[in-house]
Amino acid sequence: MKLGLKAFYTHFFVLVLFIITALAYFNPVLQGKVIEQSDIRQYTGMAKEQNNFRKKTAEEPYWTNSAFGGMPTYQLGAYYPHDYVKKLDRLIRFLPRPADYLFIYFLGFYILLCCLKVDYRLAALGALAFGFSTYLIIILGVGHNAKAHALAYMPMLLGGIVLTFRGKYLWGFVLSALAMALEVGANHYQMTYYFMLLVLILGIVYLVYAVRENKLKNFFTSVGLLIVAVVLGIAANATSLMATKEYADWSTRGKSQLTINPDGSTKSDTKGLSKDYITQYSYGVVESLNIFVPRLFGGSNGENLGENSKTYDFLIDQGISRSQALDFSRSLPLYWGNQPGTAGPAYIGAIVFFLFILGLILVRGRAKWWLLGGVIMSLILSWGKNFNLLTDFMIDYFPLYNKFRAVSSIQVILELCAPILAILALKVLVDSSVKSSKKIKALKISFFTVLGTGIALLLLKSIFSFESFSDGTLKQYYGDEILSLIQLDRKAVYTNDLFRTLIFVALSAGVIWLFLKEKLKENVLVLVLGVLIVVDLVGVDRRYVNKDNFVSKRKMTQPFPETPSVKQILQDESVYRVYDPQEGLNGASTSFYHKSIGGYHAAKPGAIQDLFDFYIYKGKIEILNMLNVKYVIQRDEEGRSAPSMNPNANGNAWFVNRLVEVKSADEEIRALDSLDVKNEAVVNTARFTNINRFNFHTDSLAIVSLTDYKPNHLTYRASNPNAGVLIFSEMYYENGWNAYIDGQLKDHFKVNYALRALRVSGGDHTIEFKFEPEVVKKGSQITLASSIVLGLIVLIGLGFSLKSTPKKEDDE
């Protein structure tokens, strides 16, 4: 990266360009509007209790009862002490959302290309090509903010790694450590994990070159520095990582307690996610070509064709009003690929794809090989169940691969690598030391390769059925005729987008040809290609994320309407839970207003998932009783909701007469089928070995009541003449909840597969449950120490740079 005042001004004006571009694309933010993101609506519901508590008390609860019967807030935006990485991140993301994410897409990729010694003009062009890659825009539209966040910092981290391997040890180390801290702080470990697979390939390629060039010392020096940088970056996020690990073990991502399925059969996958779940979203092999032709497989589940569809014309011919026909054709289910559904294609751009092919021919050296390796790896792994040979191996044997679902999303590595090689191809094209004849030959080969691919796809059109998994349902709702017209629309967009792609490729090839024939200047080449790339990508992006996605701020802060049912339930000021069978375990609208046993999260508490699968979905009311579900939302045939009060809900806590002893988790959950949950509790004595020593008796006059409620601090008043066992309708989470009787810390244990229980001596007592997560205390100390070290290293680096004189850089 060039240093000096001139370089400073150059980079400054490039950053200004990025800011203006990000704000221009998401210009409704300038009017005070916010983007309506479906996942963020759900998050708002899940985090409502946490956010209200924080606002009211200025404290962090780390626990919420709004979802899944109770869970830690570690994955719901919890704030941790000494989280300076988050402060730095907020400083970088100073633009209104989602322009902030688009800006760091640009910024990170620009830094990466500068680290690869690409001229600032091409680096800026590459940043736009990467930032406007359709998948990166679509995830902002649906609210995958954490994923976008992690993807945005990947190029910056990659830049630090490349810089270190190039022998720029100090700044390579500093950039790697800072970017790693920001990457981990983005809190989307699946994306970071996939990125590390790319780094593994990069490392292997650099090792091969180090052996060939007898530079093993340099290689291992770089690796050593990068390991320290990664450790520092991780340690700066210690609290978040440690808390996430702890929660993951308790969630559906951890090892299952059970070895049986709800039907009694043997459970095949007990270590986390099942293969079916992991590979549910797998790209079709041919479908992957939508990186080149956006709607090759229909685009999304709801394509807006407006008046330009056969379905619209048919509806008009049938006498349907124009507004109704237009409304229907605004959301046509055109997607017919291998996945259950999609919000849009992972289109990297016709010109970027063409330049990538050109790069395979023109670019020499290690960069091409690790980029190509990354593309191939991500492409094959994204096929998931459609390429079981590799996918099964990775799930069964590769560390942590089975912790993540939706394998199709590993294509983000391709979307990162392809634009890099595309820009490196342009770098060679404008390099006067490379022979013109070589460039022209490469241009011809790549153009005819892409053209041939396009023609082949055109010829192969007749072999595709254009049928979707959802066509059975569409036929049921709309009949054969509408379905056949939707399929005709699928064929039409296939052809139209294919020609669109070829036109952009022909235009870009023509511009490059004129440049190579010295008919155009270099600046004109960069400018025209930049315009073509942006027009191509933004044209597709706007199909999926545009001004229609923006709404007033109030609508996003109040994402779920307050229905008469909600108002009626809220009149009850006691502490209870609500269950909406229609929402089930997957939805946060109930969580927004009430304490709910449902919720919306990819990593659900394992125990509540099991209770749903074994009993709640089957309508077993006793399970709802022990979870203190006082209201069930019912709906009539017209969809109107009304709360139904459950008079048999057990309340917040109750004494039982008997403990039923079992020896395993399987026996524990089975016992719930016939358990009298008001008078009995089932306990696994293989885990809680001292429980069978209890002598207790519940007097008829025994009472217990919740006297004070905070999500992280529950206070009860209990009275029982004899020693007794109290059951609480709260989720058992052993790493954080502490029980106190009259201020004295006491052991508590798990009963009924998911709940807390406590032995209480005779008499009147004050009982408290406090959430005091040790992981936050320990993690904060590590975070503070590593942040201080990281800050000192950055200051030393700055001081060293100010005193040193820039030296001429070597290639690679």
Side-chain angles (χ1 to χ4, degrees), residues 105 108-109 130 133-139 142 144 146-155 157-158 161 183-184 186-205 253 272-292 297 337-348 352-353 356 370-421 602-603:
Y105 287 161
F109 207 79
F130 173 73
S133 178
T134 303
Y135 182 81
L136 298 188
I137 297 297
I138 286 172
I139 58 176
V142 296
H144 293 175
K147 180 185 283 187
H149 203 167
L151 292 174
Y153 283 125
M154 274 184 193
L157 177 54
L158 192 54
I161 293 169
E183 172 68 27
V184 176
N187 197 32
H188 201 293
Y189 305 131
Q190 183 175 7
M191 293 301 106
T192 306
Y193 178 85
Y194 291 158
F195 176 75
M196 287 302 163
L197 295 180
L198 172 65
V199 174
L200 188 62
I201 293 172
L202 180 149
I204 292 170
V205 171
R253 302 296 171 104
L273 305 175
S274 70
K275 283 185 182 178
D276 287 344
Y277 189 64
I278 291 170
T279 60
Q280 184 183 13
Y281 285 83
S282 298
Y283 262 112
V285 175
V286 183
E287 183 187 355
S288 297
L289 283 172
N290 64 9
I291 62 172
F292 168 55
F297 280 72
N338 281 55
Q339 301 176 83
T342 178
Y347 179 60
I348 64 169
V352 172
F353 180 81
F356 169 76
W370 65 259
L371 288 168
L372 179 60
V375 166
I376 294 172
M377 178 270 296
S378 66
L379 192 63
I380 295 176
L381 285 177
S382 74
W383 293 338
K385 61 188 176 187
N386 299 311
F387 196 78
N388 274 335
L389 185 66
L390 180 61
T391 302
D392 285 352
F393 171 81
M394 295 294 284
I395 291 172
D396 292 336
Y397 301 107
F398 207 83
L400 301 177
Y401 193 80
N402 64 353
K403 298 295 181 187
F404 307 111
R405 68 182 293 252
V407 291
S408 59
S409 59
I410 199 174
Q411 258 200 25
V412 294
I413 299 301
L414 181 154
E415 290 149 24
L416 170 64
C417 293
I420 301 174
L421 192 56

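Predicted, not measured: the structure shown is a model, and the values here were computed from it.
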Would you call [X] and [Y] a side-chain contact if the rule is heavy atoms closer than 4.5 Å?
X	Y	result
Val375	Leu421	no
Val285	Phe387	no
Ile204	Trp370	no
Ile410	Leu197	yes
Val407	Tyr401	yes
Ile139	Leu151	yes
Leu157	Thr192	no
Val184	Tyr153	no

If every non-hydrogen atom of [X] is compared with every non-hydrogen atom of [Y], which pair is closest and at what distance?
X	Y	result
Asn402	Ile278	O-CD1, 3.6 Å
Met191	Val412	SD-CG2, 3.8 Å
Ser382	Ser288	OG-OG, 4.5 Å
Glu183	Ala150	OE1-O, 2.6 Å
Asn338	Ser282	CB-O, 3.8 Å
Gln339	Glu287	NE2-OE2, 3.2 Å

Rounded to the nearest 0.5 Å, what separates atom [atom1] in [X] from atom [atom2] in [Y]?
X	Y	atom1	atom2	value
Ile376	Leu372	CD1	CG	4.0 Å
Leu379	Cys417	CG	SG	11.5 Å
Ile201	Leu371	CD1	CG	10.0 Å
Leu136	Phe109	CG	CZ	10.0 Å
Ser409	His144	OG	NE2	9.5 Å
Ile348	Phe130	CD1	CZ	11.5 Å

side-chain contact (heavy atoms from CB on, under 4.5 Å) assessment of Ile395 paired with Thr279: CA-CA 10 Å; Ile395 291 172; Thr279 60; 4.1 Å; yes

Test of understanding: with side-chain hydrogen bond (donor to acceptor under 3.5 Å, both in side chains), list the residues that count as partners of [X], not counting sequence neighbours.
X	answer
His149	Asp89, Arg93
Tyr189	Asn187, Ser240
Tyr277	Arg405
Ser133	none

Contacts of [X] that satisfy ring-ring contact (aromatic ring centres under 6.0 Å, His included) - sequence neighbours left out:
X	result
Phe195	none
Tyr281	none
Tyr347	none
Tyr105	none

Check side chain to side chain contact (heavy atoms under 4.5 Å, CB included) between [X] and all other residues, then give those that pass, not counting sequence neighbours.
X	result
Ala346	Tyr135, Tyr283, Gln411, Glu415
Ala603	Tyr247, Ser251, Arg253, His601
Leu289	Val286, Leu296, Leu457

Residue pairs involving residues 385-395 (criterion side chain to side chain donor-acceptor pair (under 3.5 Å); sequence neighbours excluded):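 Residue pairs with at least one partner in residues 385-395: there are none.
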
Leu414 backbone acceptor or donor facing Ser378 side chain under 3.5 Å: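 The answer is yes, because a donor-acceptor pair under 3.5 Å joins these two groups.
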
Full working for side-chain contact (heavy atoms from CB on, under 4.5 Å) between Leu381 and Ile413: CA-CA 11 Å; Leu381 285 177; Ile413 299 301; over 6 Å; no

